Every structure is written in C-alpha cells, then in structure tokens.
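To keep things clear, I will list the structure first and then write my remarks on it.
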Amino acid sequence: MTIDTNFSKWFLQPSKESAQMYETVMQRALTLVVEHMKEAANPFSGADRHSIQQAVKDAAFISYSGEPIDGVIRAIQEGVMKHSLWISHPSAMAHLHCPPLLPSLVAEVVINALNQSMDSWDQSPSATYVETELLRFFTRSIGYSDLGDGVFTSGGTQSNYMGMLLARNKICESAFATNVQEEGLPVDARKLRILCSQEAHFSVQKSAAQLGLGANAVVQVATNERQQLCVNETRQTINELRLKGLIPFMIVATAGTTDFGSTDKLREIAELAREQELWLHVDAAYGGALLFSRQYGHLLNGLHLADSITIDFHKFYYQSISCGAFFVKDRHEFERIRFHADYLNPEEDKEADIINLVEKSVQTTKRFDALKLLVTFKWMGTEQFGQMIDYTIQLAKETGELLRRYGFDVLNDPELNAVVFRYVPECHRDDQSYVDQLNLTLQRHFYERGDLIMAKTKQRGHVYLKFTMLNPLNTIENMKTQIQKVKKAGIEFEKTQGAIRHEHVIHS
C-alpha cells in the first residue's frame with residue numbers, strides 16, 4: 001500500500017500552498033458567519049428537537065476519502081449554523097450566556113493558530129507572560145497586594161472548585177495535621193462544613209462532592225429580602241455547627257447570584273470570616289465585571305478581603321467560551337496543589353524562576369485565553385467597557401419597571417441585569433399550579449417561535465420567567481415590544497386554557 005505523504009496543505013507552514021489554503025478556508029468560514037449574521041432576524045430558528053437532530057445527523061456523515069471544502073461548509077451551514085442559538089441577538093436573553101465581543105473573536109483566530117499549551121513555559125514562552133501580566137492587572141483591580149495571584153480556568157465551576165480545594169487542604173493541615181495531597185482525607189474530614197447562601201451556585205455542592213466531603217457538607221443559610229446571605233444567620237449557624245462537634249472552615253459568598261444578580265455584603269462577611277478564622281471564597285463569576293463599573297462598583301466593596309475569588313470572563317466580560325479565572329490573596333496558597341513532573345515542570349525550573357503555570361492549576365493543557373482579555377482591554381479600554389456594564393444594568397432596572405406597568409409580577413429590583421418575573425392571569429390567579437403551567441407555556445411558546453429566548457426558573461416553589469440582559473445592543477424599545485408580545489400571548493393562552501378548564505368542569 002502506497003502512503004500519500006502530501007500533508008502540507010493541512011498545516012500552517014511557510015509555503016505558498018499552506019498560506020493560500022489557510023486564507024481560502026478562513027475566508028469561507030468568515031463568509032459563513034457573516035451570511036448567517038445578516039439573515040438572523042431571530043435568535044433561533046424555532047425548529048423542533050427531532051428536526052435538529054436529523055439535520056445534524058445528515059451533516060455528520062463522514063466519508064472514507066473526505067469531501068471538498070464547499071460541501072463541508074454547506075453541511076455546517078445547514079446542520080449546525082441554521083439551528084444554533086444566535087446569542088448575539090438582543091432578544092436572546094435567557095442565561096448568563098453573553099454575546100462575544102469582536103476583540104475576543106479576533107483573538108480566537110490567533111489563539112487557534114498559535115495553539116499554545118499553557119502548562120509549561122517551553123510550550124508557551126510569550127503566552128505565559130501574557131497570562132501573568134493579565135493576572136497582575138486583575139489582582140491590582142481587585143485590590144490585592146503584590147502577594148495576590150491567579151490562574152486562568154475554564155470557568156466558574158472550576159474556579160469555585162479550586163477555592164474549595166485550597167481551603168480543604170489548608171484546614172486538613174491545620175486541624176488534622178494531614179497533607180491531603182500525600183495522605184488523602186483523614187477520617188475526621190467528615191466533620192468539615194462549608195457555609196453559603198440558598199442562592200449560591202450549584203457548583204458549591206458539586207465541588208464538595210468531588211472533593212470527598214460530600215454534598216451534605218454544604219450548609220445553606222437563609223437569605224434576606226434582597227436574596228443576600230444573612231450575616232447574623234451565618235454567625236448563628238457557625239455556632240450551632242460547633243456545638244454539634246462539626247468544623248465549619250469556609251464561607252462561600254456570592255457576587256451576582258444566577259437568578260437575581262444579588263451580591264452578598266462582602267465586607268460584613270469578610271469580617272465574620274476573619275473573626276471565626278474561616279476561609280472566605282467569593283464567587284464573582286457574574287458580578288466580577290463590576291470592577292470596571294462607575295455606577296455600581298461599590299457593590300464589590302470588600303472583595304479584596306477574600307482569600308480566593310472566582311471571575312468568569314465568558315459571562316459579563318463578553319468573552320467567547322471558555323474563559324475564566326481564579327484568584328488568591330496569597331500566592332503561597334498554590335503550594336497546596338503543586339506537583340512536579342520531570343518532563344514538564346522539573347524542580348530546577350523553580351530554582352531558575354521559570355514560570356510553569358501548571359503548578360497552580362488543576363488542569364494540565366490549558367488554552368491561551370488571556371489573549372482575549374488583552375486584545376479586548378487594549379482595544380476598548382476600561383472606560384467604554386465599564387459604560388457597557390452600567391448601561392445594561394440600567395436597562396434591566398427600566399425593564400423591571402416596565403414589566404410592573406404591564407401587570408407582571410416582578411420578583412426583584414435588578415441589582416445587576418437579571419429580571420425575574422411572571423405573567424399573572426386575570427382569572428384563576430390564586431391557582432398556583434395553573435399560573436405555573438401558564439408561564440411554562442409562555443416560555444416554550446416563544447422559544448419554539450424563535451423570536452424571544454427567555455429562561456424559566458423556580459422561586460418560592462413556583463415557576464418564574466427571567467430576562468438575563470447582558471447584550472449592550474438591547475434597548476428599552478425592544479424590551480417594550482417583547483413585553484407587549486408576552487402580555488398578548490398570555491391573554492390568548494389564558495382564554496384558551498380557561499375554555500378548556502370550563503369545559504372540563506361542566507363534563508365533570
């Protein structure tokens with residue numbers, strides 16, 4: 001069998017053939033995205049799951065000998081692009097899923113071409129220093145001293161996991177004289193407890209389970225009327241846990257809850273953590289962007305007092321997925337997870353002050369995501385970025401008022417840009433199961449139409465709808481139009497369901 005060794009057209013290399021191929025296929029990809037963008041009147045096609053699955057199945061056929069690039073592009077267009085959620089549309093506002101900034105998309109092209117592996121310096125020589133400089137930029141913005149440090153992560157779940165990992169290792173060392181990395185968890189680790197609010201992200205329980213503490217090690221504390229962790233209740237819970245012979249060792253505060261965007265009272269919680277000698281981790285995956293807000297930056301007062309912090313850049317920083325970071329007040333805490341491999345980060349590298357980022361990460365291979373933040377802030381500057389943050393929060397506040405004027409039940413006065421609400425029918429408004437079903441119907445109806453993507457959630461045991469208004473291109477005029485559509489549809493569904501209910505009662 002003869003082997004075809006003409007592989008040059010498939011790789012980047014200093015040849016005319018490679019350069020032409022790269023330019024050609026990249027231009028085809030750009031044209032595909034631009035054409036889809038021009039035609040994206042709605043954020044979603046409205047196709048049903050089975051139709052999408054079949055379209056993908058057709059597009060996913062792989063032949064023995066391959067096919068021309070034009071056929072591949074057509075398959076991607078029909079099977080993938082056509083039925084993907086167009087998150088850059090202003091009416092796509094269900095989750096903390098942001099429209100990516102153009103600077104981030106530009107950086108992605110470079111990231112993909114360079115394909116740096118951010119674990120050892122010799123695999124990412126300049127990229128290592130880019131990440132280091134961006135981390136220094138953010139530790140200064142947070143207010144940490146020169147001891148502050150961090151590492152880029154895949155997102156909030158990984159960052160929260162790392163905060164809990166470091167805190168667990170520290171308490172096992174101080175309370176049980178156990179080096180968990182070498183000896184594993186001591187028997188008494190079952191007594192360890194983590195406190196967070198009822199609105200904290202699910203990754204707190206998930207991380208506790210993965211860390212061998214068990215999801216039951218997480219104690220959820222009541223929130224106040226603004227969905228913030230109640231500080232007095234937390235203090236009382238700590239005392240009660242200790243009386244039971246348990247060991248509270250960590251508080252997880254939240255700066256920007258998923259549903260409400262609420263930010264806990266960070267300074268008060270930090271004082272409690274200091275007083276009780278607990279590790280304080282702040283999950284600022286959502287609210288971390290307030291570091292550059294002029295109007296709402298005060299909500300992060302006390303953030304610099306946290307032992308560790310999560311910030312997601314693929315949420316309110318408008319970066320393409322994935323892109324997050326984990327920060328610590330004292331860089332020496334990373335020693336608790338440091339490992340050495342002779343083929344990757346040998347001991348002599350440390351002695352020579354060579355930076356190998358793998359030493360402070362739970363990942364080995366890691367993307368060069370820091371470049372996206374560098375291009376974004378160098379191009380935009382921090383002032384315009386902060387103005388975008390402020391605009392979307394103000395728009396959410398105005399939208400909340402607009403919803404109230406149209407008779408919706410609005411559950412929160414938006415602190416960030418999330419609005420939780422529900423349609424309240426004229427009749428049967430006291431029948432909560434009916435109201436729940438009506439709101440579920442509205443959410444599904446608009447998703448199936450494809451022109452309004454809103455989320456559903458549960459609060460107080462009942463179904464609510466949610467606008468997560470990250471897109472700075474959204475306007476109050478658009479929101480008025482969308483609210484009117486939801487109101488009109490609610491009235492129509494109410495008439496239809498009311499007739500069905502009436503007929504059911506008569507026949508019964």
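Counting from 1, the numbers follow the sequence of the chain as shown. Both backbone and side-chain heavy atoms feed into the values below; hydrogens, waters and symmetry mates do not. Note that the coordinates shown come from a computational prediction; the quantities given were computed from them, not determined experimentally.
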request  = Decide if atom NZ of K480 counts as having more than 12 heavy atoms of other residues, nucleotides or ligands within a radius under 6.0 Å.
outcome  = no
note = In short, K466 meets D259 closest at the heavy-atom pair NZ-OD1, 3.0 Å
key: Full working for ring-ring contact (aromatic ring centres under 6.0 Å, His included) between F313 and F138   = CA-CA 12 Å; F313 301 121; F138 276 98; 5.0 Å; yes
remark   = Contacts satisfying salt bridge (charged side-chain N to carboxylate O under 4.0 Å, His left out) that involve residues 399-423 (not counting sequence neighbours) are R226-E415, E401-R404, R404-D413, R422-D436
inquiry  = I'd like to know whether CG of N216 has more than 12 heavy-atom contacts from other residues, nucleotides or ligands below 6.0 angstrom.
reply    = no
ask   = Which value, rounded to the nearest 0.5 Å, describes the distance between T254 atom OG1 and H281 atom NE2?
value = 8.5 Å
inquiry  = I'd like to know whether CD of E348 has more than 12 heavy-atom contacts from other residues, nucleotides or ligands below 6.0 angstrom.
reply    = yes
query = Do the side-chain N and O atoms of Q319 and T376 include a donor-acceptor pair separated by under 3.5 angstrom?
reply = yes
message = Regarding R274 and E277, does a basic nitrogen lie under 4.0 Å from an acidic carboxylate oxygen?
response = no
task = Tell me yes or no: between the side chains of Q158 and S154, is some donor less than 3.5 Å from an acceptor?
result = yes
request  = Begin with the C-alpha distance, continue with both residues' side-chain angles, and end with the deciding distance and a verdict on ring-ring contact (aromatic ring centres under 6.0 Å, His included) for Y317 and F385.
outcome  = CA-CA 8 Å; Y317 277 86; F385 178 82; 5.1 Å; yes
message = Take a 6.0 Å sphere around NE2 of H298 and say whether it holds more than 12 heavy atoms from other residues, nucleotides or ligands.
response = yes
request  = Taking all non-hydrogen atoms of both residues into account, name the closest pair between S361 and V151 and its distance.
outcome  = CB-CG2, 4.1 Å
Q394-D390 side chain donor-acceptor pair, cut-off 3.5 Å = no
query = Donor-acceptor pair, S203 side chain versus K206 backbone, under 3.5 Å?
reply = no
inquiry  = So if I apply the ring pair (Phe, Tyr, Trp, His ring centres under 6.0 Å) rule between F292 and each of F377, Y318, F316, which one comes out positive?
reply    = F377
task = Can you measure from CE (M118) to CD (Q116) and round to the nearest 0.5 angstrom?
result = 7.5 Å
task = State whether the side chain of H314 and the backbone N or O of C323 hold a donor-acceptor pair below 3.5 Å, judged by distance alone.
result = yes
ask   = Between Y447 and F44, is the ring centre distance below 6.0 Å?
value = yes
ask   = Strictly by modelled atom types, are S124 and S117 linked by a side-chain donor-acceptor pair under 3.5 Å?
value = no
key: Cationic N near anionic O, under 4.0 Å, E335 to K360   = no
